[in-house]
Amino acid sequence: MTTVDDPTARPCATTTARAADRPVRRERGVANVLSHGFLLFWAALTVLPLLWMFLSSFKSNGEILADPWGLPETLRWDNWARAWTGAHIGRYFLNSLVVVAGSVSLTMLMGATAAYVFARYEFRGRQIVYYLFVGGLMFPVFLALVPLFFVVRNAGLFGTWTGLILVYAAYSLPFTVFFLTAFFRTLPTSVAEAALVDGCGHFRLFFRVMLPMARPGLISVGIFNFLSHWNQFLLPQVLMQGDESKWMLAQGLFALSVSQGYAGDYARLFAGLSIAVLPVLAVYVAFQRQVQAGLTAGQLK
């Protein structure tokens with residue numbers, strides 16, 4: 001009869017424990033393989049079309065039609081020059097930069113201010129007003145196109161950058177307020193209380209203390225708003241009719257694709273698409289770490 005301290009009983013217990021761990025380890029290994037395989041598949045679906053578009057922008061029309069999947073014989077930068085000047089992509093590009101810069105700045109200022117108040121101050125009706133803001137996420141832009149058209153026209157802002165900036169900011173506020181309210185709640189209250197004790201007013205507290213602390217969240221939601229405004233097509237198409245010199249980049253690319261007809265200047269079209277995609281890629285590459293830090297900051301705290 002063996003006792004508890006019998007060394008002959010230990011190997012059996014160890015072997016049983018290892019056998020029990022094997023199925024769990026195998027399941028985790030299969031899950032990791034499947035998840036990594038799905039991520040690689042998703043990356044291929046995202047990268048390969050972009051790579052094909054960039055390569056096609058350096059080909060001639062004959063090369064695109066004869067060998068669409070091949071490499072260009074020479075890098076034809078004149079395609080980009082023809083798209084920038086001949087198709088007026090440069091003008092539309094600068095127009096989009098002005099409108100997106102104004103709309104993102106207005107959205108971040110108003111959204112951060114509202115989110116800070118909802119997160120840090122108690123007042124009657126706070127939850128009701130907050131849910132009214134967040135409720136805007138449930139209504140797609142398609143439902144408001146007709147009344148929005150008449151509102152902007154009656155306000156005298158139809159066909160103007162100011163009207164488009166205000167509309168962009170209005171449709172971005174619900175998500176911005178929702179995101180930043182949750183982020184401001186994660187910031188330490190002791191820092192704000194210490195600043196108030198030291199004589200810091202509410203405005204100085206917000207702009208000098210809380211905004212710098214909320215920088216990761218501001219960068220994250222700012223990038224999301226930039227991508228949303230830059231890729232917007234429906235709102236400019238409805239609200240910026242008329243003067244082509246004020247068109248946005250999405251409108252210019254649409255007009256370029258429609259105007260091709262049977263001419264088939266695909267090289268210039270691919271070059272214009274590449275010009276439109278470059279700012280998006282540049283912003284993502286430059287602020288990738290900040291986006292990840294902003295999305296995980298609330299969980300880490």
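All values reported here derive from a predicted model rather than from experimental measurement.
- Within 6.0 Å of CG in L39 there are more than 12 heavy atoms belonging to other residues, nucleotides or ligands.
- Taken together through direct or relayed side-chain contacts under 4.5 Å among Ile, Leu, Val, Met, Phe, Trp and Tyr, V146 and L164 form part of one hydrophobic cluster.
- Listed by first then second residue, pairs satisfying salt bridge (Lys or Arg N to Asp or Glu O under 4.0 Å) with a partner in residues 46-69 read E63-R76, not counting sequence neighbours.
- Residue Y121 places its OH atom among more than 12 non-hydrogen atoms of other residues, nucleotides or ligands, all under 6.0 Å distant.
- Between S274 and W80, the side chains place no donor N or O within less than 3.5 Å of an acceptor N or O (distance only, hydrogens not considered).
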| Criterion side-chain contact (heavy atoms from CB on, under 4.5 Å) on H229 and V104, from CA distance to verdict | CA-CA 8 Å; H229 297 179; V104 171; 3.6 Å; yes
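- Neither V151 nor I165 shares a network with the other; the hydrophobic side chains, linked directly or stepwise wherever heavy atoms of I, L, V, M, F, W or Y lie under 4.5 Å apart, form separate groups for each.
- The shortest non-hydrogen separation linking T85 to A81 is OG1-O, 2.7 Å.
- Taking both residues in full, the closest heavy atoms of P279 and A276 are given as CD-O, 3.4 Å, listed atom of the first, atom of the second, then distance.
- Classified by interplanar angle (parallel below 30°, tilted 30° to 60°, perpendicular above 60°), the ring pair H88/Y92 is perpendicular.
- Residue F139 is not grouped with residue V134 when hydrophobic side chains (ILVMFWY) are merged at heavy-atom distances under 4.5 angstrom, including chains of intermediate members.
- Across every non-hydrogen atom of M213 and L187, the tightest pair is O-CD2, 3.9 Å.
- Here the side chain of S105 pairs no donor or acceptor atom with the backbone of G102 at under 3.5 angstrom.
- Cluster membership check: Y131 shares its hydrophobic cluster with V117, using side-chain heavy-atom separations under 4.5 Å among Ile, Leu, Val, Met, Phe, Trp and Tyr.
- The closest donor-acceptor contact from the side chain of S228 to the backbone of F224 lies at 3.5 Å or more, if one exists at all.
- Taking CH2 of W77 as the reference point, atom CH2 of W84 lies at 13.0 Å (rounded to 0.5 Å).
- In the displayed structure, F149 atom CZ is contacted under 6.0 Å by more than 12 heavy atoms of other residues, nucleotides or ligands.
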List the atom pairs, donor and acceptor, that lie under 3.5 Å between side-chain atoms in residues 152-160 and the rest of the protein, sequence neighbours left out.
| residue | atom | partner | partner atom | Å |
| --- | --- | --- | --- | --- |
| N154 | ND2 | F150 | O | 3.0 |
| T160 | OG1 | L157 | O | 2.6 |
| T160 | OG1 | G163 | N | 3.3 |

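- Between S96 and W230, the shortest heavy-atom distance links the atoms CB-CZ3, 3.7 Å.
- Interatomic distance, F207 CZ to Y116 OH, rounded to the nearest 0.5 Å: 10.5 Å.
- Within the model, atoms OH of Y168 and CG of L106 stand 13.5 Å from one another, a figure rounded to the nearest 0.5 Å.
- Judged by distance alone, the side chain of N79 and the main-chain N or O of A267 form no donor-acceptor pair under 3.5 Å.
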Please list every donor-acceptor pair under 3.5 Å in which a side-chain atom of residues 175-184 meets a protein atom from a residue at least two apart or in another chain.
| residue | atom | partner | partner atom | Å |
| --- | --- | --- | --- | --- |
| T176 | OG1 | S172 | O | 2.8 |
| T176 | OG1 | N225 | ND2 | 3.1 |
| T181 | OG1 | V177 | O | 2.5 |

- [ ] Show your working on side-chain contact (heavy atoms from CB on, under 4.5 Å) between F118 and F123 and close with a plain yes or no.
- [x] CA-CA 9 Å; F118 291 140; F123 56 91; 4.1 Å; yes
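- In this structure, R120 and R185 have side chains that are not in contact, with every pair of non-hydrogen atoms separated by 4.5 Å or more.
- Atom CZ of R208 is surrounded by 12 or fewer heavy atoms from other residues, nucleotides or ligands within 6.0 Å.
- To the nearest 0.5 Å, the span separating CG on L50 from CG on L55 amounts to 11.0 Å.
- Residue K246 comes nearest to M248 through the heavy atom pair O-CE, 3.3 Å, listed as atom of the first residue, atom of the second, then distance.
- The ring pair (Phe, Tyr, Trp, His ring centres under 6.0 Å) test applied to W69 returns W52, not counting sequence neighbours.
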Q.
Assess the residue pair F54 and L278 against the criterion (side-chain contact (heavy atoms from CB on, under 4.5 Å)); give the C-alpha distance rounded to whole Å, side-chain angles, the decisive distance to 0.1 Å, and a yes or no.
A. CA-CA 10 Å; F54 279 113; L278 282 179; 3.9 Å; yes
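- Within a 6.0 Å radius of CE in M53, more than 12 heavy atoms belonging to other residues, nucleotides or ligands are found.
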| Please walk me through it: do F38 and L34 pass side-chain contact (heavy atoms from CB on, under 4.5 Å)? | CA-CA 6 Å; F38 176 77; L34 292 177; over 6 Å; no
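- Outside the 6.0 Å centre-distance limit, the rings of F58 and F270 are not counted as a close aromatic pair.
- Across all non-hydrogen atoms, the minimal contact from L256 to A87 is CD1-CB, 3.8 Å.
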Below 3.5 Å, can you tabulate the donor-acceptor pairs from side chains in residues 233-245 to any protein atom, sequence neighbours excluded?
| residue | atom | partner | partner atom | Å |
| --- | --- | --- | --- | --- |
| Q241 | NE2 | V238 | O | 3.3 |
| D243 | OD1 | S245 | N | 3.2 |
| D243 | OD1 | S245 | OG | 2.8 |
| D243 | OD2 | S245 | OG | 2.9 |

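- Here the CZ-CG distance, from R91 to L249, works out to 13.0 Å after rounding to the nearest 0.5 Å.
- The distance from the CD atom of Q232 to the OG atom of S103 is 10.0 Å, given to the nearest 0.5 Å.
- Listed by chain and number, the residues in a side-chain contact (heavy atoms from CB on, under 4.5 Å) with E193 are T189 (sequence neighbours excluded).
- L75 and L71 fall into different hydrophobic clusters, defined by Ile, Leu, Val, Met, Phe, Trp and Tyr side-chain heavy atoms under 4.5 Å apart, directly or through other members.
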